[in-house]
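Submitted below is the structure of interest, expressed as structure tokens.
If you're wondering where the values come from, they're calculated on a predicted model, not measured in any experiment. Here, residue 1 is the first one in the sequence, and each next residue gets the next number.
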Amino acid sequence: MPVDKSEQRIRDLFTSIAGRYDFNNHFLSAGTDIYWRNRAIAAVEPRVAGPLLDVCTGTGDVAIALAKKFGPEREVVGSDFTPAMLQIAREKAAKVNGSGPTIPFIEADTQQLPFPDDNFAAVTVAFGLRNVTDTDRGLAEMTRVAKPGGQVLVLEFSMPTAPVLGTAYRTYFTKVLPAVGQLVARNKESAYNYLPESVGEFPNGQALAARFEAAGLVDVDFTPLTLGVATIYRGRKPA
């Protein structure tokens with residue numbers, strides 16, 4: 001039976017874990033999620049002028065890191081459709097940035113972004129695309145709001161392809177992680193049962209690269225990280 005990724009279910013799920021979201025991510029990945037995000041930030045290479053957008057921004061880590069990387073040279077905007085996550089993002093950005101540039105964090109569904117066409121030099125998402133109800137619609141919207149020549153970048157979980165590692169990882173991911181995660185999360189929404197279910201259903205590797213191309217992106221490539229546990233995907237909107 002397909003995983004329930006209806007908008008209300010996803011919003012309720014992330015509302016329930018918002019307060020412990022950062023801690024849980026760092027704890028359950030032994031801090032590797034920080035390395036993955038740093039690799040993704042390093043791979044953001046805007047070739048045209050303009051602001052940057054991070055969708056499904058959650059608690060704002062990628063948006064804040066982009067603002068640090070590019071400084072006042074580029075405006076950075078974060079969007080998410082879970083108010084509880086956005087509130088944490090705003091508080092975190094205020095502490096990190098101090099008197100630096102303010103990052104607008106906007107409540108918005110990635111399937112219906114409230115931005116004009118051809119607006120952003122780069123559009124990113126980290127560990128959020130698989131939570132969008134319609135993956136292709138989300139990619140289409142990210143492509144729509146990117147400028148011609150602009151970059152679309154996705155960091156997402158994937159499944160290792162090596163037989164022994166793949167089997168061991170699937171066991172951890174489907175048995176151990178949900179039990180430990182649910183204990184740490186202390187919520188009623190079964191968030192850490194949803195995680196392996198959603199990753200298991202989500203296209204990865206060449207299958208997701210093909211979705212990029214179907215959305216109209218070119219120069220598509222992907223880079224597996226940590227033996228394929230996560231992957232960075234990149235494409236450009238034709239100039």
Side-chain angles (χ1 to χ4, degrees), residues 5 7 10 37 39-58 60-83 85-86 89-90 93 97 100-156 202-203 206-223 231-239:
K5 295 202 302 181
E7 287 84 353
I10 299 301
R37 286 188 180 85
R39 287 288 302 271
I41 297 303
V44 177
E45 300 172 340
R47 297 180 185 174
V48 294
L52 311 177
L53 171 65
D54 184 52
V55 303
C56 303
T57 196
D61 283 344
V62 171
I64 293 168
L66 287 171
K68 283 184 178 180
K69 176 177 178 178
F70 293 101
E73 173 188 346
R74 295 178 186 271
E75 180 188 22
V76 176
V77 179
S79 69
D80 199 286
F81 77 168
T82 305
M85 300 287 272
L86 288 172
R90 294 183 185 110
N97 289 357
T102 300
I103 301 172
F105 285 105
I106 298 169
E107 184 176 347
D109 187 337
T110 299
Q111 299 172 108
Q112 296 176 299
L113 292 171
F115 307 110
D117 297 354
D118 306 334
N119 194 61
F120 295 98
V123 184
T124 63
V125 57
F127 304 118
L129 184 60
R130 77 179 188 286
N131 301 321
V132 176
T133 304
D134 186 331
T135 300
D136 294 323
R137 188 174 170 188
L139 275 174
E141 276 291 272
M142 293 172 69
T143 303
R144 177 185 68 78
V145 301
K147 286 190 168 188
Q151 184 182 42
V152 173
L153 182 146
V154 173
L155 169 63
E156 192 51 88
F202 195 70
Q206 189 56 53
L208 187 55
R211 302 284 189 99
F212 270 54
E213 293 169 349
L217 297 167
V218 298
D219 301 330
V220 176
D221 62 37
F222 60 95
T223 305
T231 302
I232 295 171
Y233 303 83
R234 300 189 299 176
R236 290 199 180 274
K237 186 170 180 175

Could you measure the distance from the CD atom of Gln112 to the CZ atom of Arg137? Nearest 0.5 Å is fine.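 Rounded to the nearest 0.5 Å, the CD-CZ separation comes out at 4.5 Å.
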Check the orientation of Phe115 and Phe120. Use parallel for under 30°, tilted for 30 to 60°, and perpendicular for over 60°.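 Answer is perpendicular, since the angle exceeds 60°.
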Could you tell me which non-hydrogen atom of Leu53 sits nearest to which non-hydrogen atom of Ser79, and how far apart they are? CD1-OG, 4.1 Å
Please enumerate all residues that pass side chain to side chain contact (heavy atoms under 4.5 Å, CB included) together with Ala209, with sequence neighbours excluded.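 Partners of Ala209 by the side chain to side chain contact (heavy atoms under 4.5 Å, CB included) criterion, ordered by chain and then number, come out as Gln206, Val220, Phe222.
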Ignoring hydrogens, what is the shortest heavy-atom contact between Cys56 and Val125? Give both atom names and the distance.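 Closest pair (atom of Cys56, atom of Val125, distance): CB-CG2, 3.8 Å.
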Point-to-point distance, once rounded to the nearest 0.5 Å, from CG of Asp80 to CZ of Phe105: 10.0 Å
Run the side chain to side chain contact (heavy atoms under 4.5 Å, CB included) test against Arg144 and tell me which residues pass, sequence neighbours left out.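 Arg144 satisfies side chain to side chain contact (heavy atoms under 4.5 Å, CB included) with Leu113, Asp117, Glu141 once adjacent residues are dropped.
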Using salt bridge (Lys or Arg N to Asp or Glu O under 4.0 Å) as the criterion, list what pairs up with Arg90, not counting sequence neighbours. none
Quick check: closest heavy atoms across Lys147 and Ala49, and the distance to 0.1 Å?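 Shortest heavy-atom contact: NZ-O, 2.9 Å.
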Inter-residue atom distance Leu52.CG - Glu73.CD, 0.5 Å rounding: 8.5 Å
Pairwise distance CG(Asp61) to CZ(Phe127) - rounded to 0.5 angstrom: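 Output value for this atom pair is 11.0 Å.
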Checking Lys5 side chain against Val132 main chain: does a donor-acceptor pair fall under 3.5 Å? yes
Shortest non-hydrogen contact between Ala67 and Ile103, atoms and distance: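 Looks like CB-CD1, 3.8 Å.
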Applying side-chain hydrogen bond (donor to acceptor under 3.5 Å, both in side chains) to Gln111 and not counting sequence neighbours gives Glu7, Asp109
Interatomic spacing from CE in Met142 to CG in Leu129 - rounded to 0.5 Å: 6.5 Å
Measuring only between side-chain heavy atoms, which start at C-beta, is Leu139 closer than 4.5 Å to Phe212?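 Yes, close enough: below the 4.5 Å cut-off.
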For Ala122 and Pro46, the nearest pair of non-hydrogen atoms, with its separation, is CB-CG, 4.4 Å
Between Gln151 and Ala43 (side chain of the first, backbone of the second, donor and acceptor by atom type, cut-off under 3.5 Å), is there such a pair? yes
Taken to the nearest 0.5 Å, the spacing of Thr231 OG1 from Leu155 CG works out to 8.5 Å
Could I get the full list of salt bridge (Lys or Arg N to Asp or Glu O under 4.0 Å) partners for Glu45, not counting sequence neighbours? Arg234
Ala89 to Gly58 - nearest heavy-atom pair and separation: CB-O, 3.7 Å
Which residues pass the side chain to side chain contact (heavy atoms under 4.5 Å, CB included) test with Ala146, sequence neighbours left out?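 Listed in chain order: Val123, Val152, Lys237.
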